There are 2 protein chains.
Amino acid sequence: MDHSLRIKFDKIDRKILEILQANAKITNAQLSKDIGLSPAPTLERVKKLEQSGIIKSYHAKLDPEKIGLGVSTFVLVSLIGHNKGNIDAFMREINIIPEVIECHHITGTGDFILKIIAKDITSYQSLMLEKVSEIKEVDSMQSMVILSTFKDSKVMPIPA
Amino acid sequence: MDHSLRIKFDKIDRKILEILQANAKITNAQLSKDIGLSPAPTLERVKKLEQSGIIKSYHAKLDPEKIGLGVSTFVLVSLIGHNKGNIDAFMREINIIPEVIECHHITGTGDFILKIIAKDITSYQSLMLEKVSEIKEVDSMQSMVILSTFKDSKVMPIPA
DNA sequence: ACTTTGCACCGTATAAAATTCTGTAAATGC
DNA sequence: GCATTTACAGAATTTTATACGGTGCAAAGT
């Protein structure tokens, strides 16, 4: 059974999605020009894409450096047990740490991969020691510090 | 020398940034209410944050499943050489692959970590075989398939 | 201590944008 | 072929963003 309801969208919708991923602040008038429709049906399509959940939300992207966030990392985490209870407990703890931006359950080496952002190495260290490694379900961790980011695209390629 | 020009912003600006990260589509009127100012200076602050580069851009977040993107992965990549020429060549190749959403240079096990998104396992496989592993600077790769995503916050914590 | 300057704010007016409404044409189903 | 539905355009309306003018406060200088 397929829970993720397949909503259909055509070539025009795809173009709308591409444009809004790259630039959410475009006016409806400009968007309508770009896709070759009048404003009314353009807006109608956007609303439909929002209501159907294809467009989930809109976000401002900030410059981490300029807001004083100098350290970003990926952390591979192994749990002591792999049962659902442990995973749920871990998730709950992770969710209340704002510095943990992402948390994915993965195959391979570890069990989870986290993306963490902090002010500097010092605050990163205390975050890890006092918060993350204090979670009792956590067995081992391996940090990968981001030296530089070459690509950080907010535009997903939409299959035909 | 500090290239990342430290722009100063106060408590109100911080609140604006938090709100716009979580919801970029908020109206200026509502935003002004939330922060306790009138619309005019609120807009002024937002514009300043945009011009200073603290706010880089605005993006629509889509539901990957609903646009037919069922497979997301992190890939650790080691290069054959670690000199600048090799890294630049690798970056150029990576940049033209739309399925590679992110590319970070990291410390630790590998040299790079990529985030890749694809339609299904089949298309992921052919992407990896025909595009990524064809890049001649690539030595080894290790894929971690995302089974599920528990947290994907677009809100960074802003240090005081 | 007083003045001056500059900045951040507010209320209002204007311009632009989003949204709604109405009618029309094309596509779909019977 | 006719009825029904869907998607569209153009115009009217409402909402929102933006620009302007004036006010108070705080910091800097005298």
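Proteins come first, then strands; the chains are lettered A, B, ... in the order of their sequence lines, and each starts at number 1. Computed from a predicted structure; not experimentally measured.
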field: Axis-to-axis angle between the two ends of the helix from C:dA1-D:dT30 to C:dC30-D:dG1 (five base pairs per end, rounded to 10 degrees)
entry: 40°

query: Has the side chain of A:Ser143 got a donor or acceptor atom that lies under 3.5 Å from a matching backbone atom of A:Val75?
result: no

- prompt: What is the distance from CG of B:Leu37 to C1' of C:dA8, rounded to the nearest Å?
  reply: 9 Å

- prompt: Expressed in angstrom and rounded to an integer, what is the separation of A:Leu31 atom CG from C:dT19 atom P?
  reply: 12 Å

query: Do B:Glu99 and B:Lys115 sit within salt-bridge range, that is, some charged N less than 4.0 Å from a carboxylate O?
result: no

Ionic contact status for A:Lys15 with A:Asp10, cut-off 4.0 Å: no

- request: Compare side-chain N and O positions of A:Arg45 against OP1 and OP2 of D:dC8 and report whether any pair is under 4.0 Å apart.
  value: yes

- prompt: Take atom NZ in A:Lys119; do more than 12 heavy atoms of anything else shown fall under 6.0 Å from it?
  reply: no

- request: Return yes when atom NZ of B:Lys25 has more than 12 non-hydrogen atoms of other residues, nucleotides or ligands closer than 6.0 Å, and no otherwise.
  value: yes

- prompt: Just by distance, with hydrogens left out, do B:Asp152 and B:Thr149 show a side-chain donor and acceptor under 3.5 Å apart?
  reply: no

- request: Decide whether B:Asp111 and B:His105 meet the rule of one side-chain donor and one side-chain acceptor closer than 3.5 Å.
  value: no

query: C:dA8 P sits how many Å from B:Asp10 CG, rounded?
result: 9 Å

query: Thinking salt bridges, do B:Lys84 and B:Asp88 make one under a 4.0 Å N-O criterion?
result: yes

- prompt: In whole angstroms, how far is the P atom of C:dG23 from the CD atom of A:Glu44?
  reply: 17 Å

statement: Reading nucleotides 10-27 of chain D from 5' to 3' and marking B where a protein heavy atom lies under 4.0 Å of the base, S where only the sugar-phosphate is that close, and - otherwise, the string is B-----SSBB--------

